[in-house]
A.B. asks: 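Here it is: the structure, laid out below.
Values below: every heavy atom of this structure, side chains too, minus hydrogens, waters and symmetry copies. All ligand and atom numbering here is 1-based and tracks the order in the structure.
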Amino acid sequence: MSVAIAAQPAPSVGAVSFLDRPARLLIGGEWVQSESGRTISVVDPATGAIVASVADADRTDVDRAVAAAREAFEQGPWPRMLPAERQALIWRLGDLIEQHADELCELESIDNGKTKFMASVVDIPATREYLRYMAGWATKIEGSTFDISVGAPPGSRFETSTRRHPVGVVAQIIPWNFPLLMAAWKLGPALAAGCTCVLKPAEQTPLTALRLGELVMEAGFPPGVVNVLTGYGETAGAALVSHPGVDKVAFTGSGEVGKIINKSATNTLKRVSLELGGKSPVIVLPDADVETVIGGAAQAIFFNAGQVCAAGSRLYAHKKIYDRVVEGVSAAADAIRLGPGLDPETEMGPLVSREQQDRVMGYVDSGREEGAELVTGGESLEHPGCFVKPTVLANVNANMRVVQEEIFGPVLVAQPFDDIDEVAALANATPYGLSASIWSNDLRAVHRLVPKVKAGTVWVNCHSFVDANMPFGGFKQSGFGREHGRTGIEMYTELQSVCMLV
Ligand code: ADP
Ligand code: MG
(Lines give C-alpha, C1' and ligand atoms only; values in the text may rest on other atoms or scores of the structure.)
(Ligands and ions follow the chains in the order given, each with its own letter.)
Protein backbone atom coordinates (compact mmCIF):
# COMPACT_ATOMS: atom_id res chain seq x y z
CA MET A 1 0.00 0.00 0.00
CA SER A 2 1.49 3.37 -0.87
CA VAL A 3 0.73 6.49 1.07
CA ALA A 4 3.14 9.37 0.71
CA ILE A 5 5.15 9.67 3.91
CA ALA A 6 7.01 12.93 4.39
CA ALA A 7 10.74 12.93 5.06
CA GLN A 8 11.87 13.04 8.69
CA PRO A 9 13.10 16.57 9.45
CA ALA A 10 16.59 16.88 10.96
CA PRO A 11 16.72 17.06 14.75
CA SER A 12 18.13 20.08 16.57
CA VAL A 13 21.83 20.52 17.32
CA GLY A 14 21.24 19.66 20.98
CA ALA A 15 19.55 16.37 20.16
CA VAL A 16 22.23 15.47 17.61
CA SER A 17 24.98 16.12 20.11
CA PHE A 18 23.28 13.78 22.56
CA LEU A 19 22.87 11.09 19.87
CA ASP A 20 26.61 11.28 19.20
CA ARG A 21 27.62 10.63 22.82
CA PRO A 22 29.53 7.40 23.48
CA ALA A 23 27.61 4.38 24.76
CA ARG A 24 27.75 4.53 28.55
CA LEU A 25 25.96 3.27 31.66
CA LEU A 26 25.33 5.40 34.76
CA ILE A 27 26.71 3.47 37.72
CA GLY A 28 27.56 5.01 41.09
CA GLY A 29 27.50 8.53 39.68
CA GLU A 30 29.97 7.76 36.86
CA TRP A 31 29.38 7.23 33.14
CA VAL A 32 31.10 3.95 32.39
CA GLN A 33 31.36 1.48 29.51
CA SER A 34 29.73 -1.92 29.75
CA GLU A 35 32.26 -4.59 30.82
CA SER A 36 31.83 -6.42 27.53
CA GLY A 37 32.06 -3.25 25.42
CA ARG A 38 29.05 -4.47 23.43
CA THR A 39 26.48 -1.97 22.22
CA ILE A 40 22.88 -1.89 20.99
CA SER A 41 21.87 0.14 17.93
CA VAL A 42 19.07 2.64 18.36
CA VAL A 43 16.77 2.87 15.35
CA ASP A 44 14.47 5.70 14.33
CA PRO A 45 11.27 3.78 13.51
CA ALA A 46 10.16 6.51 11.09
CA THR A 47 13.14 5.91 8.79
CA GLY A 48 14.73 2.62 9.80
CA ALA A 49 18.03 4.48 10.22
CA ILE A 50 20.43 3.83 13.12
CA VAL A 51 20.66 7.08 15.04
CA ALA A 52 22.74 6.17 18.09
CA SER A 53 24.25 3.28 19.96
CA VAL A 54 23.96 2.52 23.65
CA ALA A 55 25.71 0.12 25.99
CA ASP A 56 24.51 -3.49 26.20
CA ALA A 57 24.69 -4.19 29.93
CA ASP A 58 25.03 -7.76 31.13
CA ARG A 59 25.21 -9.57 34.47
CA THR A 60 28.57 -8.02 35.50
CA ASP A 61 27.24 -4.52 34.88
CA VAL A 62 24.11 -5.40 36.83
CA ASP A 63 26.32 -6.53 39.73
CA ARG A 64 28.16 -3.21 39.66
CA ALA A 65 24.98 -1.15 39.50
CA VAL A 66 23.27 -3.06 42.30
CA ALA A 67 26.41 -2.73 44.44
CA ALA A 68 26.43 1.04 43.82
CA ALA A 69 22.75 1.34 44.70
CA ARG A 70 23.29 -0.80 47.82
CA GLU A 71 26.21 1.35 48.97
CA ALA A 72 24.20 4.52 48.36
CA PHE A 73 21.37 3.07 50.39
CA GLU A 74 23.40 1.69 53.32
CA GLN A 75 26.26 4.20 53.50
CA GLY A 76 25.20 7.16 51.43
CA PRO A 77 23.25 10.14 52.64
CA TRP A 78 20.08 9.52 50.63
CA PRO A 79 17.74 7.65 53.02
CA ARG A 80 19.06 9.71 55.94
CA MET A 81 18.74 13.11 54.29
CA LEU A 82 16.16 15.53 55.55
CA PRO A 83 12.95 14.81 53.67
CA ALA A 84 12.97 18.44 52.55
CA GLU A 85 16.38 17.90 50.94
CA ARG A 86 15.10 14.91 48.99
CA GLN A 87 12.06 16.93 48.02
CA ALA A 88 14.25 19.78 46.73
CA LEU A 89 16.37 17.47 44.57
CA ILE A 90 13.39 15.69 43.00
CA TRP A 91 11.76 19.05 42.34
CA ARG A 92 14.99 20.27 40.75
CA LEU A 93 14.94 17.27 38.43
CA GLY A 94 11.47 18.40 37.33
CA ASP A 95 12.89 21.87 36.65
CA LEU A 96 15.67 20.40 34.52
CA ILE A 97 13.08 18.42 32.53
CA GLU A 98 11.33 21.72 31.86
CA GLN A 99 14.56 23.45 30.84
CA HIS A 100 15.45 20.70 28.39
CA ALA A 101 11.90 19.96 27.25
CA ASP A 102 12.44 20.59 23.56
CA GLU A 103 15.46 18.30 23.30
CA LEU A 104 13.68 15.59 25.31
CA CYS A 105 10.65 15.78 23.01
CA GLU A 106 12.86 15.29 19.98
CA LEU A 107 14.73 12.38 21.51
CA GLU A 108 11.46 10.73 22.53
CA SER A 109 10.09 11.18 19.03
CA ILE A 110 13.18 9.82 17.27
CA ASP A 111 13.41 6.87 19.65
CA ASN A 112 9.76 5.82 19.95
CA GLY A 113 8.18 7.20 16.79
CA LYS A 114 5.57 9.31 18.56
CA THR A 115 5.14 12.85 17.33
CA LYS A 116 7.25 15.57 18.84
CA PHE A 117 4.02 17.48 19.26
CA MET A 118 2.46 14.73 21.38
CA ALA A 119 5.63 14.44 23.44
CA SER A 120 5.47 18.21 24.01
CA VAL A 121 1.88 18.21 25.23
CA VAL A 122 1.77 14.85 27.01
CA ASP A 123 4.99 12.98 27.78
CA ILE A 124 7.36 15.73 28.82
CA PRO A 125 4.99 17.99 30.82
CA ALA A 126 3.49 14.92 32.49
CA THR A 127 7.01 13.78 33.44
CA ARG A 128 7.81 17.19 34.93
CA GLU A 129 4.55 17.32 36.88
CA TYR A 130 4.90 13.76 38.07
CA LEU A 131 8.32 14.48 39.56
CA ARG A 132 7.02 17.63 41.22
CA TYR A 133 4.05 15.79 42.67
CA MET A 134 6.27 13.02 44.04
CA ALA A 135 8.81 15.57 45.35
CA GLY A 136 6.04 16.78 47.66
CA TRP A 137 5.48 13.29 49.05
CA ALA A 138 9.07 13.12 50.39
CA THR A 139 7.98 15.42 53.23
CA LYS A 140 4.58 13.81 53.81
CA ILE A 141 5.28 10.15 54.50
CA GLU A 142 3.66 9.22 57.78
CA GLY A 143 2.64 6.43 60.10
CA SER A 144 -0.06 6.40 62.73
CA THR A 145 -0.49 6.08 66.47
CA PHE A 146 -3.08 3.81 68.03
CA ASP A 147 -3.90 1.99 71.23
CA ILE A 148 -3.58 -1.76 71.78
CA SER A 149 -5.38 -4.03 74.24
CA VAL A 150 -2.53 -6.07 75.69
CA GLY A 151 -3.46 -6.39 79.38
CA ALA A 152 -0.20 -7.67 80.85
CA PRO A 153 1.60 -6.85 83.01
CA PRO A 154 -1.47 -5.57 84.88
CA GLY A 155 -1.78 -1.80 84.75
CA SER A 156 0.76 -1.49 81.91
CA ARG A 157 0.55 1.15 79.22
CA PHE A 158 1.90 1.10 75.72
CA GLU A 159 2.83 3.70 73.17
CA THR A 160 2.18 2.12 69.80
CA SER A 161 2.74 3.54 66.36
CA THR A 162 3.81 2.74 62.84
CA ARG A 163 6.54 4.24 60.73
CA ARG A 164 7.46 3.75 57.11
CA HIS A 165 10.94 2.83 55.92
CA PRO A 166 12.22 2.89 52.35
CA VAL A 167 12.16 -0.65 50.98
CA GLY A 168 15.81 -0.44 49.87
CA VAL A 169 17.37 -1.05 46.46
CA VAL A 170 14.76 -1.18 43.72
CA ALA A 171 15.10 -2.48 40.16
CA GLN A 172 12.80 -0.66 37.80
CA ILE A 173 12.14 -2.15 34.38
CA ILE A 174 10.10 -0.07 31.98
CA PRO A 175 8.55 -0.37 28.52
CA TRP A 176 9.01 1.59 25.30
CA ASN A 177 5.65 3.31 24.84
CA PHE A 178 6.19 6.36 27.11
CA PRO A 179 9.89 5.97 27.87
CA LEU A 180 10.58 9.11 29.91
CA LEU A 181 7.21 9.25 31.63
CA MET A 182 7.50 5.61 32.70
CA ALA A 183 10.95 6.40 34.14
CA ALA A 184 9.37 9.21 36.18
CA TRP A 185 6.51 6.98 37.35
CA LYS A 186 9.14 4.61 38.71
CA LEU A 187 11.85 6.94 40.01
CA GLY A 188 9.57 9.62 41.50
CA PRO A 189 7.92 7.64 44.31
CA ALA A 190 11.00 5.48 44.96
CA LEU A 191 13.21 8.52 45.45
CA ALA A 192 10.61 10.32 47.55
CA ALA A 193 10.48 7.27 49.84
CA GLY A 194 14.28 7.22 50.17
CA CYS A 195 15.04 4.17 48.02
CA THR A 196 17.95 3.86 45.63
CA CYS A 197 17.28 2.73 42.07
CA VAL A 198 18.59 0.79 39.12
CA LEU A 199 16.52 1.79 36.12
CA LYS A 200 16.47 -0.30 32.96
CA PRO A 201 14.73 1.27 29.99
CA ALA A 202 13.44 -0.88 27.14
CA GLU A 203 16.09 -1.85 24.59
CA GLN A 204 13.99 -0.16 21.86
CA THR A 205 13.89 3.24 23.62
CA PRO A 206 16.91 3.90 25.85
CA LEU A 207 17.62 7.52 24.91
CA THR A 208 15.60 9.67 27.29
CA ALA A 209 16.44 7.47 30.30
CA LEU A 210 20.11 8.18 29.58
CA ARG A 211 19.44 11.88 29.18
CA LEU A 212 17.48 11.73 32.43
CA GLY A 213 20.53 10.13 34.05
CA GLU A 214 22.59 13.15 32.99
CA LEU A 215 19.98 15.48 34.46
CA VAL A 216 19.95 13.46 37.71
CA MET A 217 23.68 14.12 38.04
CA GLU A 218 23.26 17.77 37.10
CA ALA A 219 20.56 18.15 39.75
CA GLY A 220 23.05 16.97 42.36
CA PHE A 221 21.72 13.61 43.51
CA PRO A 222 24.34 11.68 45.50
CA PRO A 223 26.20 8.99 43.52
CA GLY A 224 24.50 5.61 43.27
CA VAL A 225 21.00 6.87 44.10
CA VAL A 226 19.95 6.56 40.45
CA ASN A 227 21.76 4.11 38.20
CA VAL A 228 20.76 3.65 34.56
CA LEU A 229 21.49 0.41 32.72
CA THR A 230 20.65 0.05 29.07
CA GLY A 231 20.39 -3.55 27.93
CA TYR A 232 18.13 -6.35 26.82
CA GLY A 233 15.34 -7.75 28.94
CA GLU A 234 16.47 -11.36 28.75
CA THR A 235 19.98 -10.46 29.95
CA ALA A 236 20.22 -7.21 31.94
CA GLY A 237 16.55 -7.30 32.96
CA ALA A 238 16.58 -10.93 34.04
CA ALA A 239 19.84 -10.45 35.97
CA LEU A 240 18.32 -7.53 37.86
CA VAL A 241 15.20 -9.46 38.78
CA SER A 242 17.08 -12.46 40.14
CA HIS A 243 19.78 -10.41 41.88
CA PRO A 244 19.89 -11.09 45.63
CA GLY A 245 20.94 -7.48 46.30
CA VAL A 246 17.66 -6.10 44.98
CA ASP A 247 14.83 -5.62 47.50
CA LYS A 248 12.02 -4.74 45.12
CA VAL A 249 11.23 -5.02 41.43
CA ALA A 250 8.85 -2.58 39.81
CA PHE A 251 7.87 -3.54 36.29
CA THR A 252 5.68 -2.15 33.56
CA GLY A 253 5.41 -4.23 30.41
CA SER A 254 3.85 -7.31 28.89
CA GLY A 255 1.91 -9.91 30.85
CA GLU A 256 4.19 -12.63 29.55
CA VAL A 257 7.29 -10.97 31.02
CA GLY A 258 5.40 -9.96 34.18
CA LYS A 259 4.79 -13.63 34.93
CA ILE A 260 8.47 -14.50 34.35
CA ILE A 261 9.51 -11.66 36.66
CA ASN A 262 7.09 -12.64 39.38
CA LYS A 263 8.47 -16.20 39.40
CA SER A 264 12.09 -15.16 39.35
CA ALA A 265 11.62 -12.60 42.15
CA THR A 266 10.26 -15.35 44.38
CA ASN A 267 13.75 -16.78 45.00
CA THR A 268 14.58 -14.01 47.43
CA LEU A 269 10.97 -12.95 48.09
CA LYS A 270 11.48 -9.54 46.58
CA ARG A 271 8.63 -7.09 46.70
CA VAL A 272 7.08 -6.96 43.25
CA SER A 273 4.74 -4.52 41.61
CA LEU A 274 3.52 -5.22 38.11
CA GLU A 275 1.66 -2.95 35.72
CA LEU A 276 0.90 -5.22 32.82
CA GLY A 277 -1.18 -4.89 29.76
CA GLY A 278 -4.83 -4.37 29.16
CA LYS A 279 -7.64 -4.92 26.71
CA SER A 280 -9.79 -2.08 27.87
CA PRO A 281 -13.43 -1.90 26.82
CA VAL A 282 -15.10 1.31 25.66
CA ILE A 283 -18.77 0.85 26.53
CA VAL A 284 -21.26 3.10 24.78
CA LEU A 285 -24.75 3.13 26.28
CA PRO A 286 -27.78 3.87 24.06
CA ASP A 287 -28.31 7.44 25.28
CA ALA A 288 -24.75 8.58 24.49
CA ASP A 289 -24.12 11.51 22.17
CA VAL A 290 -22.77 9.82 19.05
CA GLU A 291 -20.48 12.65 17.95
CA THR A 292 -18.84 12.88 21.38
CA VAL A 293 -18.37 9.13 21.46
CA ILE A 294 -16.79 9.01 18.02
CA GLY A 295 -14.11 11.53 19.00
CA GLY A 296 -13.58 9.91 22.37
CA ALA A 297 -13.40 6.34 21.11
CA ALA A 298 -11.00 7.27 18.29
CA GLN A 299 -8.75 9.04 20.78
CA ALA A 300 -8.98 6.10 23.20
CA ILE A 301 -7.50 3.68 20.66
CA PHE A 302 -5.40 5.80 18.30
CA PHE A 303 -3.56 7.96 20.85
CA ASN A 304 0.16 7.04 20.72
CA ALA A 305 -0.68 4.72 17.80
CA GLY A 306 -2.54 2.45 20.22
CA GLN A 307 0.67 1.66 22.10
CA VAL A 308 -0.93 2.45 25.44
CA CYS A 309 -1.57 -0.10 28.18
CA ALA A 310 -4.93 1.53 28.90
CA ALA A 311 -5.90 1.92 25.21
CA GLY A 312 -9.62 1.52 24.58
CA SER A 313 -9.10 -1.39 22.22
CA ARG A 314 -12.56 -3.01 22.41
CA LEU A 315 -15.59 -0.96 21.44
CA TYR A 316 -18.99 -2.14 22.66
CA ALA A 317 -21.73 0.12 21.36
CA HIS A 318 -25.43 -0.40 21.97
CA LYS A 319 -27.05 -1.90 18.87
CA LYS A 320 -29.22 1.21 18.39
CA ILE A 321 -26.18 3.36 17.64
CA TYR A 322 -23.51 0.75 16.82
CA ASP A 323 -23.47 1.34 13.05
CA ARG A 324 -23.15 5.09 13.38
CA VAL A 325 -20.38 4.83 15.98
CA VAL A 326 -18.36 2.30 13.96
CA GLU A 327 -18.76 4.37 10.81
CA GLY A 328 -17.70 7.55 12.61
CA VAL A 329 -14.65 6.02 14.30
CA SER A 330 -13.61 4.45 10.97
CA ALA A 331 -13.88 7.80 9.22
CA ALA A 332 -11.79 9.37 11.98
CA ALA A 333 -9.21 6.59 11.50
CA ASP A 334 -9.07 7.24 7.76
CA ALA A 335 -8.46 10.94 8.31
CA ILE A 336 -5.36 10.47 10.50
CA ARG A 337 -2.24 11.68 8.76
CA LEU A 338 0.68 9.25 9.14
CA GLY A 339 4.23 10.53 9.06
CA PRO A 340 7.54 10.92 10.87
CA GLY A 341 7.37 12.27 14.40
CA LEU A 342 9.45 15.42 13.88
CA ASP A 343 7.18 16.65 11.07
CA PRO A 344 4.67 19.09 12.60
CA GLU A 345 2.02 17.94 10.07
CA THR A 346 2.10 14.35 11.36
CA GLU A 347 -0.81 13.13 13.44
CA MET A 348 0.34 9.54 13.99
CA GLY A 349 3.90 8.30 13.82
CA PRO A 350 5.20 4.81 13.08
CA LEU A 351 5.04 1.95 15.57
CA VAL A 352 8.10 1.56 17.75
CA SER A 353 9.82 -1.21 15.78
CA ARG A 354 9.57 -3.61 12.87
CA GLU A 355 8.92 -6.39 15.37
CA GLN A 356 5.94 -4.49 16.76
CA GLN A 357 4.68 -3.73 13.25
CA ASP A 358 4.83 -7.44 12.39
CA ARG A 359 3.11 -8.37 15.65
CA VAL A 360 0.27 -5.91 15.01
CA MET A 361 -0.16 -7.02 11.40
CA GLY A 362 -0.20 -10.64 12.57
CA TYR A 363 -3.17 -9.78 14.77
CA VAL A 364 -4.97 -7.97 11.96
CA ASP A 365 -4.54 -11.05 9.74
CA SER A 366 -5.71 -13.40 12.48
CA GLY A 367 -8.82 -11.27 13.04
CA ARG A 368 -9.70 -11.43 9.35
CA GLU A 369 -9.09 -15.18 9.27
CA GLU A 370 -11.36 -15.64 12.28
CA GLY A 371 -14.16 -13.78 10.50
CA ALA A 372 -13.91 -10.16 11.67
CA GLU A 373 -15.00 -7.57 9.12
CA LEU A 374 -12.24 -5.14 8.14
CA VAL A 375 -13.88 -1.71 7.99
CA THR A 376 -10.77 0.37 7.46
CA GLY A 377 -6.97 0.17 7.60
CA GLY A 378 -5.50 -3.28 8.03
CA GLU A 379 -2.36 -2.48 6.08
CA SER A 380 1.25 -1.66 6.79
CA LEU A 381 2.98 0.74 4.44
CA GLU A 382 5.78 -0.25 2.10
CA HIS A 383 8.29 2.08 3.64
CA PRO A 384 11.51 1.76 5.64
CA GLY A 385 9.56 3.14 8.62
CA CYS A 386 7.19 1.01 10.69
CA PHE A 387 3.85 2.50 9.69
CA VAL A 388 0.51 0.78 10.19
CA LYS A 389 -2.77 2.32 9.07
CA PRO A 390 -5.29 2.90 11.85
CA THR A 391 -7.57 -0.13 11.71
CA VAL A 392 -11.14 -0.98 12.67
CA LEU A 393 -12.37 -4.58 12.79
CA ALA A 394 -16.15 -4.92 13.22
CA ASN A 395 -18.53 -7.69 14.20
CA VAL A 396 -16.00 -9.55 16.27
CA ASN A 397 -16.83 -12.06 18.98
CA ALA A 398 -15.35 -12.85 22.37
CA ASN A 399 -13.52 -15.97 21.16
CA MET A 400 -11.30 -14.20 18.65
CA ARG A 401 -7.65 -13.60 19.48
CA VAL A 402 -8.04 -9.94 18.49
CA VAL A 403 -10.62 -9.62 21.26
CA GLN A 404 -8.77 -11.64 23.91
CA GLU A 405 -5.16 -10.50 23.45
CA GLU A 406 -3.46 -7.16 23.78
CA ILE A 407 -2.42 -5.94 20.31
CA PHE A 408 -0.64 -2.75 21.39
CA GLY A 409 -1.20 -0.99 18.10
CA PRO A 410 -3.80 1.15 16.31
CA VAL A 411 -6.36 -1.63 16.00
CA LEU A 412 -9.91 -1.35 17.34
CA VAL A 413 -12.35 -4.27 17.53
CA ALA A 414 -16.07 -3.51 17.68
CA GLN A 415 -19.14 -5.46 18.69
CA PRO A 416 -22.77 -4.44 19.39
CA PHE A 417 -24.66 -5.28 22.60
CA ASP A 418 -28.22 -5.25 23.83
CA ASP A 419 -28.33 -4.74 27.60
CA ILE A 420 -26.19 -3.78 30.54
CA ASP A 421 -25.66 -7.25 31.98
CA GLU A 422 -24.61 -8.53 28.59
CA VAL A 423 -22.07 -5.75 28.08
CA ALA A 424 -20.70 -6.14 31.61
CA ALA A 425 -20.07 -9.82 30.88
CA LEU A 426 -18.43 -8.98 27.54
CA ALA A 427 -16.30 -6.28 29.15
CA ASN A 428 -15.03 -8.77 31.72
CA ALA A 429 -14.47 -11.63 29.29
CA THR A 430 -10.69 -11.27 28.90
CA PRO A 431 -7.85 -12.12 31.31
CA TYR A 432 -7.11 -8.40 31.71
CA GLY A 433 -8.60 -5.78 34.03
CA LEU A 434 -6.62 -2.57 33.71
CA SER A 435 -9.24 -0.03 32.72
CA ALA A 436 -12.55 0.65 30.99
CA SER A 437 -14.64 3.58 29.92
CA ILE A 438 -18.39 4.10 29.94
CA TRP A 439 -20.02 6.69 27.71
CA SER A 440 -23.46 7.86 28.87
CA ASN A 441 -25.31 10.61 30.70
CA ASP A 442 -27.77 8.14 32.20
CA LEU A 443 -26.67 8.33 35.83
CA ARG A 444 -28.56 5.28 36.99
CA ALA A 445 -27.20 3.13 34.20
CA VAL A 446 -23.63 4.31 34.81
CA HIS A 447 -23.86 3.68 38.54
CA ARG A 448 -25.27 0.22 37.93
CA LEU A 449 -22.54 -0.63 35.45
CA VAL A 450 -19.40 0.70 37.19
CA PRO A 451 -19.34 -1.89 40.01
CA LYS A 452 -19.86 -4.72 37.53
CA VAL A 453 -16.72 -3.84 35.56
CA LYS A 454 -13.58 -5.59 36.79
CA ALA A 455 -11.03 -2.91 36.02
CA GLY A 456 -8.55 -0.86 38.06
CA THR A 457 -9.78 2.39 36.53
CA VAL A 458 -13.21 3.13 35.10
CA TRP A 459 -13.51 6.39 33.20
CA VAL A 460 -16.91 7.88 32.49
CA ASN A 461 -17.24 10.05 29.38
CA CYS A 462 -13.47 10.13 28.97
CA HIS A 463 -10.66 7.60 28.52
CA SER A 464 -6.95 7.24 29.36
CA PHE A 465 -6.76 10.20 31.72
CA VAL A 466 -4.14 9.48 34.35
CA ASP A 467 -2.95 11.68 37.15
CA ALA A 468 -0.19 11.48 39.74
CA ASN A 469 -2.81 11.65 42.49
CA MET A 470 -5.14 8.93 41.13
CA PRO A 471 -4.26 5.28 41.81
CA PHE A 472 -3.58 3.29 38.65
CA GLY A 473 -3.13 -0.44 38.22
CA GLY A 474 -4.84 -3.63 37.29
CA PHE A 475 -7.37 -6.19 38.40
CA LYS A 476 -6.80 -9.79 37.24
CA GLN A 477 -3.87 -10.35 34.89
CA SER A 478 -3.23 -6.65 34.43
CA GLY A 479 -0.93 -6.88 37.43
CA PHE A 480 -0.80 -5.94 41.05
CA GLY A 481 -0.01 -2.88 43.11
CA ARG A 482 -1.29 0.62 42.41
CA GLU A 483 0.97 3.38 41.19
CA HIS A 484 0.46 7.09 41.97
CA GLY A 485 -0.80 8.92 45.03
CA ARG A 486 -0.40 7.54 48.53
CA THR A 487 -0.57 3.94 47.33
CA GLY A 488 2.31 4.63 44.94
CA ILE A 489 4.49 5.80 47.82
CA GLU A 490 3.45 2.89 50.01
CA MET A 491 4.71 0.44 47.38
CA TYR A 492 8.24 1.70 48.05
CA THR A 493 8.08 1.44 51.82
CA GLU A 494 8.03 -1.20 54.54
CA LEU A 495 5.67 -0.63 57.44
CA GLN A 496 7.19 -1.00 60.90
CA SER A 497 5.12 -1.26 64.08
CA VAL A 498 6.68 0.18 67.23
CA CYS A 499 5.32 -1.10 70.54
CA MET A 500 6.78 0.56 73.62
CA LEU A 501 5.95 -0.42 77.19
CA VAL A 502 5.85 2.86 79.09
P1 ADP B 1 7.51 -5.96 24.54
O2 ADP B 1 7.50 -7.44 24.25
O3 ADP B 1 6.35 -5.22 24.04
O4 ADP B 1 8.81 -5.32 24.17
P5 ADP B 1 8.26 -6.55 27.24
O6 ADP B 1 7.37 -6.86 28.38
O7 ADP B 1 9.04 -7.67 26.63
O8 ADP B 1 7.40 -5.83 26.13
O9 ADP B 1 9.30 -5.42 27.66
C10 ADP B 1 9.12 -4.51 28.71
C11 ADP B 1 10.41 -4.38 29.50
O12 ADP B 1 10.73 -5.64 30.08
C13 ADP B 1 11.64 -3.99 28.67
O14 ADP B 1 12.45 -3.12 29.44
C15 ADP B 1 12.33 -5.32 28.46
O16 ADP B 1 13.72 -5.19 28.25
C17 ADP B 1 12.06 -6.00 29.78
N18 ADP B 1 12.15 -7.47 29.76
C19 ADP B 1 11.84 -8.31 28.74
N20 ADP B 1 12.05 -9.59 29.09
C21 ADP B 1 12.50 -9.57 30.37
C22 ADP B 1 12.91 -10.58 31.31
N23 ADP B 1 12.88 -11.87 31.00
N24 ADP B 1 13.30 -10.18 32.54
C25 ADP B 1 13.32 -8.88 32.88
N26 ADP B 1 12.97 -7.88 32.04
C27 ADP B 1 12.56 -8.22 30.81
MG1 MG C 1 8.94 -8.94 24.93
A.B. asks: Can you name the residues that form a side chain to side chain donor-acceptor pair (under 3.5 Å) with T127, not counting sequence neighbours?
C.D. replies: none
A.B. asks: Can you spot which of D111, D343, D102, D123 makes a salt bridge (Lys or Arg N to Asp or Glu O under 4.0 Å) with K116?
C.D. replies: D102
A.B. asks: Just say parallel, tilted or perpendicular for the rings of W78 and F221, cut-offs at 30° and 60°.
C.D. replies: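 It falls in the tilted class, 30° to 60°.
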A.B. asks: Is NZ or CZ of K454 both nearer than 6.0 Å to the six-membered ring centre of Y432 and within 45° of the ring axis?
C.D. replies: no
A.B. asks: What short N/O contacts, under 3.5 Å, does ligand 1 make with the protein, listed by atom pair and distance?
C.D. replies:
from, atom 1, to, atom 2, distance (Å)
ligand 1, 2 (O), R359, NH2, 3.2
ligand 1, 3 (O), W176, NE1, 3.3
ligand 1, 3 (O), R359, NH1, 3.4
ligand 1, 4 (O), W176, NE1, 3.1
ligand 1, 6 (O), S254, N, 2.8
ligand 1, 6 (O), S254, OG, 2.6
ligand 1, 14 (O), I174, O, 2.8
ligand 1, 14 (O), K200, NZ, 3.2
ligand 1, 16 (O), K200, NZ, 2.8
ligand 1, 16 (O), E203, OE1, 2.5
ligand 1, 16 (O), G233, N, 3.2
ligand 1, 24 (N), G233, O, 3.4

A.B. asks: For K200, enumerate each residue passing the side chain to side chain donor-acceptor pair (under 3.5 Å) test, keeping only those at least two apart in sequence or located in another chain.
C.D. replies: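 With neighbours one apart ignored, the set is empty.
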A.B. asks: Looking at residues at least two apart in the chain, or sitting in another chain, which of them share a side chain to side chain donor-acceptor pair (under 3.5 Å) with R401?
C.D. replies: E405
